[in-house]
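Remember, it's a predicted structure, so these values are computed and weren't measured experimentally. Order of the sequence lines fixes the chain letters, A, B, ..., with proteins taken first and strands second; residue numbering starts at 1 for each chain. What's counted below: heavy atoms across the whole structure, side chains too, no hydrogens, waters or symmetry copies.
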Protein chains: 2
Amino acid sequence: MARWQPDARGRLEAAALALFNERGFEQTTVTDIAARAGLDKRTFYRLFGDKREVLFSGGSRLEEVLVKAVAETDADPFETVVTAFRQVADEIFADRLDLVRVRQTIIDASPELQERELRKTNGLAATVAAALRAKGVGETTATLATESGVTVFRVAFARWVAPGNDASLADLIAETAAELRAVTSSPATPPARV
Amino acid sequence: MARWQPDARGRLEAAALALFNERGFEQTTVTDIAARAGLDKRTFYRLFGDKREVLFSGGSRLEEVLVKAVAETDADPFETVVTAFRQVADEIFADRLDLVRVRQTIIDASPELQERELRKTNGLAATVAAALRAKGVGETTATLATESGVTVFRVAFARWVAPGNDASLADLIAETAAELRAVTSSPATPPARV
DNA sequence: GGGCCGATGTCATCGTGTGACATCACCGTA
DNA sequence: TACGGTGATGTCACACGATGACATCGGCCC
């Protein structure tokens with residue numbers, strides 16, 4: 001038999017996406033995925049840390065592109081993060097909306113996968129915060145600016161993926177960022193002092 | 001054998017905390033935990049959804065108290081969430097700092113547990129956002145105010161738990177909230193150094 | 001006492017994830 | 001062409017997480 005089929009990784013990802021979409025995440029075993037890709041269960045675990053990971057391989061590229069954008073942007077920390085997301089967003093997701101939607105539907109249907117998604121987002125935030133600190137931004141400011149920026153991205157992304165949407169991801173990010181500014185801007189009562 | 005020992009739930013939680021602290025989360029099996037509590041593995045799974053859940057049972061109380069505080073507070077959305085956290089925080093955590101520290105050390109040492117913590121926090125945010133919407137706050141505003149508020153809480157909580165800290169959780173929340181306001185306020189205001 | 005009923009224990013089973021080891025294809029080299 | 005090395009893959013065995021099915025114990029009500 002054809003040992004050494006090309007692009008084992010990509011075939012496993014495609015097989016997993018298809019099976020998850022057909023039967024659901026829980027109802028699909030790793031052996032099923034491997035079988036559809038013409039491979040063995042053990043090979044799956046050599047390429048992916050666990051069953052969930054097969055859906056999140058793209059995240060690393062987003063991370064590196066984002067870090068680069070943060071390093072090259074010159075603005076206040078929060079604006080920097082938001083701008084970086086805007087620059088990067090369309091480049092990565094724009095031409096794959098249908099695929100992204102399928103993927104997101106799968107994730108939204110499984111608490112296990114949502115857990116992993118949160119972890120990935122959290123890791124992304126940590127990396128971006130590190131990139132900010134590397135530019136001389138203080139610890140706390142870096143963390144808060146990044147968390148806020150990631151929140152904006154998450155909300156905007158959810159809107160973008162939602163059925164019926166036709167706005168660009170970049171525009172939605174800008175819009176959401178403005179709304180977050182409005183929400184957190186000081187009201188009548190100034191914050192209590194330390 | 002003494003079937004029907006009292007407070008099976010509490011004993012399992014205590015046993016789990018002790019074992020996780022001694023050997024680590026991965027090195028402890030559910031059978032180990034049940035054995036130390038004088039119970040069976042199956043009983044553990046009847047009381048807790050899975051192995052991780054045994055560390056997160058307290059979250060539900062925080063959730064309900066928080067929702068109540070949100071409902072009773074009258075201010076703009078973000079301020080409401082922050083205030084609610086401040087009111088509730090000490091009441092729940094103040095007298096258990098040592099226990100909380102042990103628990104947090106365990107969680108910080110295990111990616112699996114961090115994942116679950118993120119999920120719990122996320123669920124909390126969703127609940128709080130719903131409480132805001134119940135007061136007439138718009139969908140997006142509720143989400144953004146809540147996410148920002150939870151971010152403030154997370155950062156403040158981390159500071160509070162950190163070794164050497166002696167400030168109160170409520171004060172740290174207020175302080176962190178002020179910093180977040182500063183970070184996200186005006187795009188034109190550049191305190192380049194921090 | 002007798003019987004109901006919830007909490008617990010026992011048994012069997014599937015799936016995840018991993019270590020150890022065998023096997024195959026490819027490639028450079030003599 | 002034969003040879004040996006190397007890396008990717010397959011095979012086997014196993015511990016542990018998680019769950020369904022069923023038995024059993026203890027208290028409680030009549």
**Prompt:** D:dT9 C1' sits how many Å from A:Leu12 CG, rounded?
**Reply:** 12 Å
**Complete:** Separation of C:dT8 atom P from B:Arg9 atom CZ, nearest Å, is 11 Å
**Asked** Does B:Asp40 or A:Glu26 map to a spot on DNA chain C nearer the 5' end, using the closest nucleotide for each?
**Response** B:Asp40
**Prompt:** Between A:Thr184 and B:Ser185, is any pair of side-chain heavy atoms under 4.5 Å apart?
**Reply:** no
**Message:** How many whole angstroms separate atom CZ of B:Phe44 from atom C1' of D:dG17?
**Reply:** 10 Å
**Message:** Output the rounded distance in Å from CD (B:Glu53) to C1' (D:dG17).
**Reply:** 15 Å
**Prompt:** Has the side chain of A:Arg42 got a donor or acceptor atom sitting under 3.5 Å from an opposite partner on the base of C:dG19?
**Reply:** yes
**Asked** Taking OH from B:Tyr45 and C1' from D:dT19, how many angstroms apart are they, rounded to a whole number?
**Response** 9 Å
**Message:** With rounding to the nearest 0.5 angstrom, report the OG1 to CD distance, B:Thr143 to A:Glu179.
**Reply:** 10.0 Å
**Request:** Mind calculating the distance between NZ (A:Lys41) and C1' (C:dG17) to the nearest angstrom?
**Result:** 7 Å
**Asked** Is any side-chain N or O of A:Thr43 closer than 4.0 Å to OP1 or OP2 of D:dG10?
**Response** yes
**Prompt:** Do A:Leu124 and A:Phe153 have side chains that get closer than 4.5 Å, going by heavy atoms?
**Reply:** no
**Asked** Of all the nucleotides listed (C:dT8, C:dG17, D:dG10), which has the minimum atom distance to the side chain of A:Arg52?
**Response** C:dG17
**N/O donor-acceptor pair, side chain A:Arg46 with base D:dG10, under 3.5 angstrom** = yes
**Item:** Student check: side-chain heavy atoms of A:Val54 and A:Phe44 closer than 4.5 Å
**Value:** yes
**Asked** Rounded to whole angstroms, how far apart are CG on B:Leu19 and P on D:dC16?
**Response** 14 Å
**Message:** Expressed as a whole number of angstroms, how long is the span from B:Lys51:NZ to D:dA18:P?
**Reply:** 8 Å
